[in-house]
Amino acid sequence: MLDNIYRKVIMDHYKYKRNFEELEGENIVKVHYKNPTCGDVMSLFLDVDSDKVRKAAFLGEGCSISMASASMMTELIENKSLKEIAILRDKMEDLIRHAKASGNEELGDSLSLQGVHALKARHNCALMTWQALDKALEDTAGYDVGTCHPK
């Protein structure tokens, strides 16, 4: 029953992607990212103001897992501080790589991706957007993702 609900959440985010748009402006951080294992591609757009992501959006093509994960992540990180985002990022990594679901309620719809843990070849699909986020913040915003402090 729970697996069916999770599948529905993933397919809803895949079919009706949230924040599927390009952001423009002086403060927009953009990173293009390609999943090296399967070829899924995306561009992530972040409106970063000081230490907070005001708005997140993406454009891309890929499997249902990568596109649903991108949709979920952009909703999840909006109006969050970089420190809050670093915590969410670690929890997402634990969910996918180590099947650690308890204590991760703040991941919201992203919890529906917990079944990906059993599919090791799909881990990068679920984490692709988060890896793009790491790259965007490290390369452009000048932050160390591990500590969320300026480099």
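Each residue takes its place number in the sequence, starting with 1.
Two residues are said to be in side-chain contact when any heavy atoms from C-beta on lie closer than 4.5 Å; N124 and Q131 meet this criterion. Side-chain contact between C125 and C38: present, with at least one pair of heavy atoms (C-beta onward) separated by less than 4.5 Å. Annotation: side chain of R122 is in contact with side chain of V116 (closest heavy-atom distance under 4.5 Å). Annotation: side chain of M72 is in contact with side chain of L113 (closest heavy-atom distance under 4.5 Å). L127 has its side chain within reach of M92: a pair of non-hydrogen atoms, C-beta onward, lies under 4.5 Å apart. With a 4.5 Å cut-off on side-chain heavy atoms, L133 and L46 count as touching. Using a 4.5 Å cut-off on side-chain heavy atoms (C-beta onward), L44 and K30 make no contact. A 4.5 Å side-chain heavy-atom check between S69 and W130 finds at least one atom pair inside the cut-off.
To the nearest 0.5 Å, atom OG of residue S71 and atom CZ of residue F20 are 10.0 Å apart. Atom CD1 of I85 is separated from atom CG of N79 by 9.5 Å, given to the nearest 0.5 angstrom. Atom CD1 of I28 is separated from atom CG of L23 by 4.5 Å, given to the nearest 0.5 angstrom. With rounding to the nearest 0.5 angstrom, the OG1 atom of T74 is 3.5 Å from the CG atom of N19. If you take CZ on R54 and CG on D49, they are separated by 4.5 Å, rounding to the nearest 0.5 Å. Here the CE atom belonging to M67 is positioned 9.5 Å from the CG atom belonging to L59, to the nearest 0.5 angstrom.
I87 and I77 end up in different hydrophobic clusters when Ile, Leu, Val, Met, Phe, Trp and Tyr side chains are linked at under 4.5 Å. Under the 4.5 Å side-chain heavy-atom criterion for Ile, Leu, Val, Met, Phe, Trp and Tyr, Y14 and V41 are members of distinct hydrophobic clusters.
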message: Determine whether E106 and L88 satisfy the following criterion, side-chain contact (heavy atoms from CB on, under 4.5 Å), listing intermediate values before the conclusion.
response: CA-CA 8 Å; E106 63 267 36; L88 292 170; 3.6 Å; yes

field: side-chain contact (heavy atoms from CB on, under 4.5 Å) between M128 and N35, intermediate numbers included
entry: CA-CA 6 Å; M128 181 174 109; N35 184 338; 3.5 Å; yes

message: Apply salt bridge (charged side-chain N to carboxylate O under 4.0 Å, His left out) to residues R18 and D12 and explain how you reach the verdict.
response: CA-CA 10 Å; R18 281 62 154 186; D12 183 64; 2.5 Å; yes

- prompt: What do the steps show when you test D109 against H13 for side-chain contact (heavy atoms from CB on, under 4.5 Å), and what is the final call?
  reply: CA-CA 9 Å; D109 284 354; H13 273 275; 2.7 Å; yes

message: Between S110 and M73, is the side-chain contact (heavy atoms from CB on, under 4.5 Å) condition met? List the steps.
response: CA-CA 7 Å; S110 294; M73 187 200 79; 5.6 Å; no

query: Stepwise, does the salt bridge (charged side-chain N to carboxylate O under 4.0 Å, His left out) test hold for R89 with D134?
result: CA-CA 9 Å; R89 199 259 184 260; D134 291 347; 2.9 Å; yes

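The ring pair (Phe, Tyr, Trp, His ring centres under 6.0 Å) check on H32 picks up nothing, with sequence neighbours excluded. Every residue two or more places apart in sequence or in another chain that forms a salt bridge (charged side-chain N to carboxylate O under 4.0 Å, His left out) with K55 is listed here: E21, E78.
Judged by distance alone, the side chain of H123 and the main-chain N or O of R97 form no donor-acceptor pair under 3.5 Å. Looking only at distances, no side-chain donor or acceptor of H98 sits under 3.5 Å from a matching main-chain atom of E93. Proximity of a side-chain donor or acceptor of E84 to a complementary backbone N or O of S81 within less than 3.5 Å is detected.
The six-membered or imidazole ring of F58 lies away from that of F45, with a centre-to-centre distance of 6.0 Å or more.
Ion pair K52/D47 not flagged as a salt bridge, since none of the NZ, NE, NH1 or NH2 atoms sits closer than 4.0 Å to an Asp/Glu carboxylate oxygen. The existence of a salt bridge linking K34 and D40 is excluded, since no basic side-chain nitrogen approaches an acidic carboxylate oxygen closer than 4.0 Å.
Among all heavy-atom pairs drawn from I96 and A126, the shortest one is CD1-CB, 3.7 Å.
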